[in-house]
Amino acid sequence: MSPREKKLDARFYNRKDVLRIARELLGKILVTQLDGIRCSGRIVETEAYAGVHDRACHAFGGRRTARSEDLYGAPGTAYIYICYGMHHLFNVITNEVNIPHAVLVRALEPIEGIDHMLERTGKMTADYTLTRGPGNLSRAMGISKLHSGSMLFSEEIFIGDDGLRYKPDQIVVTSRIGVESAREDAELPYRFIVKGNPYVSARKS
DNA sequence: CGACCGATCGTCT
DNA sequence: GACGATCGGTCGA
């Protein structure tokens, strides 16, 4: 691991306020070191999923199935599931064991391993589509459902802090994307983005 | 630029 | 058997 960033520890993830954690994850660095390939990118878009009372969360109403089991894991667990049959969506689990809070990481600004990201995605150029959107970033970083349940303290996948902080006026809060069926919870201000960052989804603001 | 649509398949009812 | 915490392409204004 490069000495540049310091891994977030269990204390960071083991907190009750998932909205605060989602906000604080902006600017942190997601790192994968898979098969000797190191890739990293700065997190610029997140969404909070607030457990059993959140209609958009897979754990709404206490639902607990084989798919969502990792959502109930220890703080710092990776929860990855397949969406629309082809996209692997990467979440980090927060709060205590059995409290199914999660933060979906939706976009990165690539830092290291861009050539490998291009190879994995089959793209020709490193434009803003490379790691924009949860499906795209997982493909670029080599993250798949196989990594669900693994802890983010390993060398394979983790989140680091290099000290960068966004000022409050650089962060915009909006409703979440793709959760229309969550009825009254669809409009909750649970999405956090870095203002003006080209890797953030273009929708809303 | 916005609206729409097909791809693709694991998961849940 | 229906439905996604998506994506990229197309079509029309």
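Note on naming: letters A, B, ... go to the chains in the order of the sequence lines (proteins, then strands), and numbering restarts at 1 for each one. Since this is a predicted model, take the numbers as computed values, not measurements.
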Below 6.0 angstrom between ring centroids: does that apply to A:Tyr81 and A:His58?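 Centroid separation for A:Tyr81 and A:His58: below 6.0 Å.
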Check A:Arg42 with A:Glu112, please: is the shortest side-chain N to carboxylate O separation under 4.0 Å? no
Listed nucleotide nearest any side-chain atom of [X], set [options]:
X	options	result
A:Asn136	B:dT11, C:dT6, C:dC7	C:dC7
A:Asn91	C:dA5, C:dG8, C:dC7	C:dA5
A:Tyr79	C:dC7, B:dT11, C:dA5	C:dA5
A:Tyr84	B:dT13, B:dT11, C:dT6	C:dT6
A:Met86	C:dT6, B:dG10, B:dA7	B:dA7

Can you tell me the distance, in whole Å, between the [atom1] atom of [X] and the [atom2] atom of [N]?
X	N	atom1	atom2	value
A:Glu180	B:dA3	CD	P	13 Å
A:Leu137	C:dG8	CG	P	12 Å
A:Tyr128	C:dG8	OH	C1'	11 Å
A:Met124	C:dG8	CE	C1'	17 Å
A:Tyr81	B:dG10	OH	P	16 Å
A:Ile80	C:dT6	CD1	C1'	16 Å
A:Phe60	C:dA5	CZ	C1'	15 Å
A:Arg176	C:dT6	CZ	C1'	16 Å

Taking the six-membered ring of A:Tyr49 (Phe, Tyr or Trp), confirm whether the NZ or CZ of A:Arg176 is under 6.0 Å from its centre and within 45° of its axis.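 Yes, cation above the ring, under 6.0 Å and within 45°.
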When the nearest nucleotide of DNA chain C is assigned to A:Thr129 and to A:Arg67 on a heavy-atom basis, which residue is associated with the more 5' position?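 It is A:Arg67 whose nearest nucleotide is closer to the 5' end.
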side-chain N/O A:Lys123 vs C:dC7 OP1/OP2, d < 4.0 Å: no
B:dT11 phosphate, OP1 or OP2, under 4.0 Å from A:Lys145 side-chain N/O: yes
Scanning all shown strands, the Watson-Crick or wobble mate of C:dG12 with both distances under 3.5 Å is B:dC1
Please give the nucleotide sitting opposite C:dC7 as a Watson-Crick or G-U wobble pair, both distances under 3.5 Å, or none. B:dG6
Would the distance check show the side chain of A:Arg191 and the main-chain N or O of A:Val173 forming a donor-acceptor pair, the cut-off being under 3.5 Å?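 A pair under 3.5 Å: no.
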What residue among A:Leu152, A:Leu25, A:Thr94 forms side-chain contact (heavy atoms from CB on, under 4.5 Å) with A:Phe12? A:Leu25
Tell me if the side-chain of A:His58 makes a donor-acceptor pair with the base of C:dA5, cut-off 3.5 Å, by modelled atom types.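 Side chain to base: pair present.
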